[in-house]
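Reviewing the structure listed below.
Both counts, for ligands and for their atoms, begin at 1 and track the order of listing. In what follows, residues are counted from 1 in the order of the sequence shown.
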Amino acid sequence: MQAGALWADVAVPAGAQGLAALAGSSHDVGVVGYSLGGGLSWLARKHGLATNSITAIELVTADGRLVRTDAEHEPDLFWALRGGGGNFGVVTELELELHPVTEVYAGMLVWPWERSAEVIDVWGTWTTTAPDEITTSMRILQVPPLPDIPEPLRGRQIVVIDGAYLGDEAGGREVLEALRELGPEIDTFEMIPPAALLALHMDPPEPVPARGGHMMLRALTPEAIDAFVAAGGPGSGSNLLMLELRQLGGAVGRSGESHGALDRLDGDFALFGVGMVMGPGAAEAIGRTLDAVMTAMAPWDAGSAYLNFAEEPIDTSVAYSGEAYERLQAVKARYDAVDVFRANHPIAPATSGS
Ligand SMILES: Cc1cc2nc3c(=O)[nH]c(=O)nc-3n(C[C@H](O)[C@H](O)[C@H](O)COP(=O)(O)OP(=O)(O)OC[C@H]3O[C@@H](n4cnc5c(N)ncnc54)[C@H](O)[C@@H]3O)c2cc1C
């Protein structure tokens, strides 16, 4: 696919051919930015980060060459682009591996947010034994009272688990049993085509002004759950639209010989909180809540980061292994020594001695 394509441009035609792309939760996120940064899809725990499903990349490099790079051609550049983001050139085309999938068992389970602690506790335990075939997200949501939001959710405060299971309905039912025992008031899991996963998370249909914050977490202890709910659940005074934990592990956590610079994500859950910036002062107010959430969760900080979820400048080296970051710095020095390409998450130049 060519640069500029959004996930809907790829996932829908792929689906028509009986194939699934490792698309993110939103139909209008750019395939290139998402894929170069990592790419956490609803099939991630089975098939890994989208960046490691890239098979070739065409780009214009800092010296003006149009290069097609893959495992055989300029392999260092190919390695660096896969997870190293937009630091190495302007990508014009990506070649991606697709997966033969015609249907997945997917949907959401919803409870009132008063049950957040109990639901997160059961979900957190469930994630420790869930098979790689299922990838889920858990969110505390304060749904705005907007007319285009379906009535059962509009204006409500809820806790939601959504996700997708790669397999048939009987297998999916078995896997979800422990979560269903919590008696969700809404349960939409059913067999759907993979392209329909673009609507699963109910991300806004158009870009909206928002401010987000991220932290990578280790295992969810009872104390971590209490801190999470106290920061974003009932009684917290939170102004966040969403406080989310994405289930990691499985193939997302495993290294691979053929992987790029972002080999794996080092953490059990990726936390992402976001609020809508609807007027003057809102960005600052949301920033204060996000700071409070990060402070509350600091004892369980895995110390790494997933750069696609980091919306503010951070020390990018924490997102990679030490060895990978040094190699990224070396590739940057070789292909773009004068820093023509300034990505949203830059690779810092190597200092002498590093
Ligand atoms: C609603 C929403 C839902 C999301 N859901 C998910 C999700 O499910 N999983 C997930 O992993 N992430 C998700 N994300 C995060 C998303 O992956 C990042 O925001 C990503 O950076 C978006 O890439 P983009 O191309 O749309 O944005 P852009 O801002 O256009 O690009 C981001 C960066 O990518 C690089 N880049 C983009 N295009 C090129 C190019 N042609 N050549 C070179 N470099 C380029 C640049 O460094 C650029 O700064 C979501 C984001 C949103 C807003």
List the steps and the verdict of salt bridge (Lys or Arg N to Asp or Glu O under 4.0 Å) for D266 and R218. CA-CA 9 Å; D266 185 17; R218 292 254 172 259; 3.4 Å; yes
* To do: Quick one: sort the W42 and H201 rings into parallel, tilted or perpendicular, breaks at 30° and 60°.
  => perpendicular
With heavy atoms of [X] as the reference, note each atom of ligand 1 found under 4.0 Å away.
X: S26; result: 1 (C), 2 (C), 3 (C)
X: G89; result: 42 (N), 43 (C)
X: V90; result: 42 (N)
X: A343; result: 47 (O)
X: V29; result: 2 (C), 3 (C), 4 (C), 22 (C), 26 (O), 50 (C), 51 (C), 52 (C)
X: G24; result: 7 (C), 8 (O)
X: D203; result: 1 (C), 3 (C)

Report task. Assert yes or no for the condition that the ring centre distance of F88 to F341 is strictly below 6.0 Å. Result -> no
From the list D70, V67, L77, T69, side chain to side chain contact (heavy atoms under 4.5 Å, CB included) partner of I57 resolves to T69
How does [X] reach ligand 1, if at all, at less than 4.0 Å between non-hydrogen atoms: by side chain, backbone, both, or neither?
X: L40; result: both
X: E244; result: neither
X: F341; result: neither

What one should report as the nearest heavy-atom pair of Q142 and L240 is NE2-O, 3.2 Å
Residue, atom name and distance, where the atom is the protein heavy atom closest to [atom]:
atom: atom 38 (N) of ligand 1; value: V32 CG1, 3.7 Å
atom: atom 15 (C) of ligand 1; value: N308 O, 3.4 Å
atom: atom 32 (C) of ligand 1; value: N344 ND2, 3.7 Å
atom: atom 10 (C) of ligand 1; value: Y34 CE1, 3.3 Å
atom: atom 6 (C) of ligand 1; value: S25 OG, 3.9 Å
atom: atom 41 (N) of ligand 1; value: V91 O, 3.0 Å
atom: atom 24 (P) of ligand 1; value: G30 N, 3.7 Å

Taking the side chain as everything from C-beta on, heavy atoms only, tell me whether [X] gets closer than 4.5 Å to [Y].
X: M297; Y: F269; answer: no
X: I54; Y: T51; answer: yes
X: L241; Y: P144; answer: yes

Given the rule in the salt bridge (Lys or Arg N to Asp or Glu O under 4.0 Å) test, do E284 and R288 qualify, once you have shown the distances and angles that lead to the verdict? CA-CA 6 Å; E284 293 74 14; R288 284 191 292 276; over 6 Å; no
Distance col, row L198:CG vs S26:OG, nearest 0.5 angstrom, shows 8.0 Å
Distance col, row T125:OG1 vs I120:CD1, nearest 0.5 angstrom, shows 11.5 Å
Closest to atom 44 (N) of ligand 1 by heavy-atom distance, out of G33, G86, A210, is G86
Looking at Y306, F309, F272, F88, the heavy atom closest to atom 11 (O) of ligand 1 belongs to Y306
Would you say H201 touches ligand 1, if touching means a heavy atom closer than 4.0 Å? no
- Would you say G85 touches ligand 1, if touching means a heavy atom closer than 4.0 Å? no
Can you check whether a protein heavy atom sits less than 4.0 angstrom from [atom]?
atom: atom 30 (O) of ligand 1; result: no
atom: atom 34 (O) of ligand 1; result: yes
atom: atom 27 (O) of ligand 1; result: no

Notebook entry, point to check: Should V175 and M191 be counted in the same cluster of Ile, Leu, Val, Met, Phe, Trp and Tyr side chains packed under 4.5 Å apart?
Noted result: yes
### Steps toward salt bridge (Lys or Arg N to Asp or Glu O under 4.0 Å) verdict (E133, K46)
CA-CA 5 Å; E133 281 70 21; K46 181 69 179 173; 3.0 Å; yes
**Study point:** side-chain hydrogen bond (donor to acceptor under 3.5 Å, both in side chains) evaluation trace for T55 with E97
**Key:** CA-CA 7 Å; T55 50; E97 190 184 344; over 6 Å; no
